[in-house]
Each structure stands twice: as structure tokens, then as C-alpha cells.
Amino acid sequence: MTDSNFLTREKIQTLELTAAAMVAKGKGVLAADESSPTIKKRFDTIKVESTEENRRLYRELLFTAPEIENHISGVILFDETLRQSAGDGTPFSKLLSDRGIIPGIKVDKGIIQIPETLNEKVTQGLDGLADRLDEYRQLGARFAKWRAVLSIGYHQPSNLCIALNAHALARYAALSQRAGLVPIVEPEILINGNHDIETCERVTQRTMGFVFNELSLQRVRLEGMILKPSMVTSGDACPEQADVETVARKTIKIFKRSVPSAVPGIAFLSGGQTSQQATAHLNAMNQIGSTPWELSFSYGRALQEQPLGVWKGKPENKAAAQAMLLSRAKCNGEARFGAYTPDMEPHWEMG
Ligand code: 13P
């Protein structure tokens, strides 16, 4: 075994600095890494055709929004987007890093069914991953993301489903660190279902146990990664919805039980919460405070739904859509300090 198979001191230092910058105070990550089928779904809601050029124009709108660098530390890109450029020819990764925003890349290849389960899924994309990660770093990415998807249902998620996903997350995380990319480790427990918040608590704790066991087994440097989980909430079809304070309290309780303090930050996904809910929950958690890790955001829909609704594919709406993104980013930036109030909300209507 040669030394080159081990992380160098320099590489470890770079990973730790990048991870810390991703969860810098008052900032969070914009998840703009929708795959082609997912962005098509988003564009369908505003009746915009999902052509490569429309996707590029939309991403350019997001990445050039004035002042977002004050609240956005990093952006997760999709493979196609990392290879695209702004209208003036500047590659998106350079445009972002010139603004002090760290470019990242989604590297998983979606989910497939696990045999002998009730339609449970595992994330694929490990084959050839080491080479892809090297290329992404050359293209300017400094962090990566891999999403595992777990559903709550009758006897679900099974230990088999959690174990397979935890294994893949840790394999991906170790390979990312070797390539000099900070892994965002994303075990998403879907909000869909009529389960109560206590069920979500138990599933979250069981899942995090598997995930951190695998990360430890596979020698992932916890200081050089970011955890991106779902919050502990009631299922979206549960008749009794837990209030904001309960979500905040239970989320912190479960993560304190399961996430080592060496992890620099937890950047939550929004997972189908409304934009306002996602901000209010993050704010309430930061008001409770006293956590060993930063409590931040890595929102997709909760940052983009409103700007997308304003844009509607029309060039004349670009500035207003950018202003909407800035407002949303600012609200979440304030929530990082527990200083968000609903009167900071932008006024908008989805037409
Ligand atoms: P949402 O915030 O829309 O859940 O997206 C975050 C993400 O990156 C999902 O993988």
C-alpha cells in the first residue's frame, strides 16, 4: 500500500476549510441540481419547455442574482449545468467561484428498486464514480452530493433498505474525499405518508445510526463532510401536524443523539415543506441553539419555488425573479441566526 492511498494533510485541511465555508454563519446552500426529468416537472408548473437552452437560461438567472453571495455559500449543480456557461461564455463554475460561491455537483445516478422488498429503493452510481469525481474537480466542483431516499410505511424503511443506502453513502463519501471533494451525505426520509412525528423520530434515529456506523467503518473524515437530512416532522398526510416548535425540538433531540460533534454542519433539505415552513423550522432550531454543529440549509424547492413562479420563462420577469431569490435567501440567512420574522417575507402570488 502506497502513501498515495491515504489523504494528505493538505487535502484534509482543504476539505475541512471547504466544509466550514459551506456552513458559514448566515449562509446556506442552494440546491439547483435537479436532474433533467425533475427540472422538466418544475418547468411544467410554469408551462416552460425543458430545452437545454431554457435550463441554461434559468440557471443563469439564479447564479447571477445580485447579492445572493451574502446568504448563499454554495450551489449544487447537475452534470449538464457544470458543463454550461453564462451568455458571455463564463463557465458557471467560474462565475460562481468568482462571486465567492462554492460550486458543487450531484454525483448519484438516481434510485432503483431493491429486490425482495415492498418497492424500497437504493441509490446507484458507484461504478466509475472515482473517475467522474476527478473530472468534476477539474471542472471546478469543490463538493459533491449523493441522495438516498427512504420511505416511511408499513414495516418501512426496512433495515435492509437503510443498510444498503448507508453503505453506498459512505462509499461515495470516502471516494469524494479522496478526490478532494467535500461529500454532502443526504439520507432523505420522505415526508409523504400519514405517519406521526414520533414515527419519524424513530426512523430518523435508526437511519442515522446506520449512516454514522458506515461512515466510521469506511474511515470518512467527519470534519470534512456535511450531513443533509430531512427534518423530523409529521407525515404530510398525518391528521395531526406538529407545530414549528415541536419540529425544531424533536429534530435537535434526535440529531444530538446520533450526529458526532466532529461534523461541522447539518444542512437540511426542504423536502416538500413550503418555503415559509422550511424557513420557520430552521429559525426555530437556531433559536434553541447550543448544538455542536452549524444548523444550516441546503434547499431546492424552498429557495426556488417562488422565483420560478415569478419568472415564468419570460425575460422581462428576470430581475423580479432574481429579487425573489434574494428575499428567500435572506430570510433563510436570518433563520441561521434565529432572527427571521414572518414580516421579512416577500409578497408574491404564484400565477
Ligand atoms: P429540496 O429542498 O427541494 O428537498 O431539495 C433538496 C435536494 O437537494 C434534494 O436532493
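For ligands, and for the atoms within them, numbers begin at 1 and follow the listed sequence. Please read all numbers here as calculations on a predicted model, not as lab measurements.
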K.L.:
Which one of E188, R301, E186 has a non-hydrogen atom at the shortest distance from atom 9 (C) of ligand 1?
P.N.:
E186
K.L.:
Minimum heavy-atom separation for A144 and V107, please, with both atom names.
P.N.:
CB-CG1, 4.0 Å
K.L.:
Could you verify whether a donor N or O on one side chain and an acceptor N or O on the other, from Y340 and Q276, lie under 3.5 Å apart?
P.N.:
no
K.L.:
Starting from atom 10 (O) of ligand 1, find the nearest protein heavy-atom neighbour and note its residue, name and distance.
P.N.:
K145 NZ, 2.4 Å
K.L.:
Check ligand 1 against Y299 and write out every atom of the ligand that is under 4.0 Å from a heavy-atom position of the residue.
P.N.:
2 (O)
K.L.:
Have a look at H281 and tell me which of T251, V244, V232 forms a side-chain contact (heavy atoms from CB on, under 4.5 Å) with it.
P.N.:
V244
K.L.:
In the protein, what heavy atom is nearest to atom 5 (O) of ligand 1, and what distance, to one decimal place, separates them?
P.N.:
G300 N, 3.6 Å
K.L.:
Heavy atoms only: which of R147, K228, E305 is nearest to atom 7 (C) of ligand 1?
P.N.:
K228
K.L.:
Using heavy atoms and a 4.0 Å limit, tell me yes or no: is G271 in contact with ligand 1?
P.N.:
yes
K.L.:
Whether the E305 and Y299 side chains hold a donor-acceptor pair (N or O, under 3.5 Å, no angle test) is what I'd like checked.
P.N.:
no
K.L.:
Please work out, at 4.0 Å between heavy atoms, whether the side chain, the backbone, both, or neither of S270 comes within that distance of ligand 1.
P.N.:
both
K.L.:
Any side-chain donor paired with an acceptor under 3.5 Å for N213 and S216?
P.N.:
no
K.L.:
Can you tell me if T279 and R328 form a side-chain donor-acceptor pair at under 3.5 Å?
P.N.:
yes
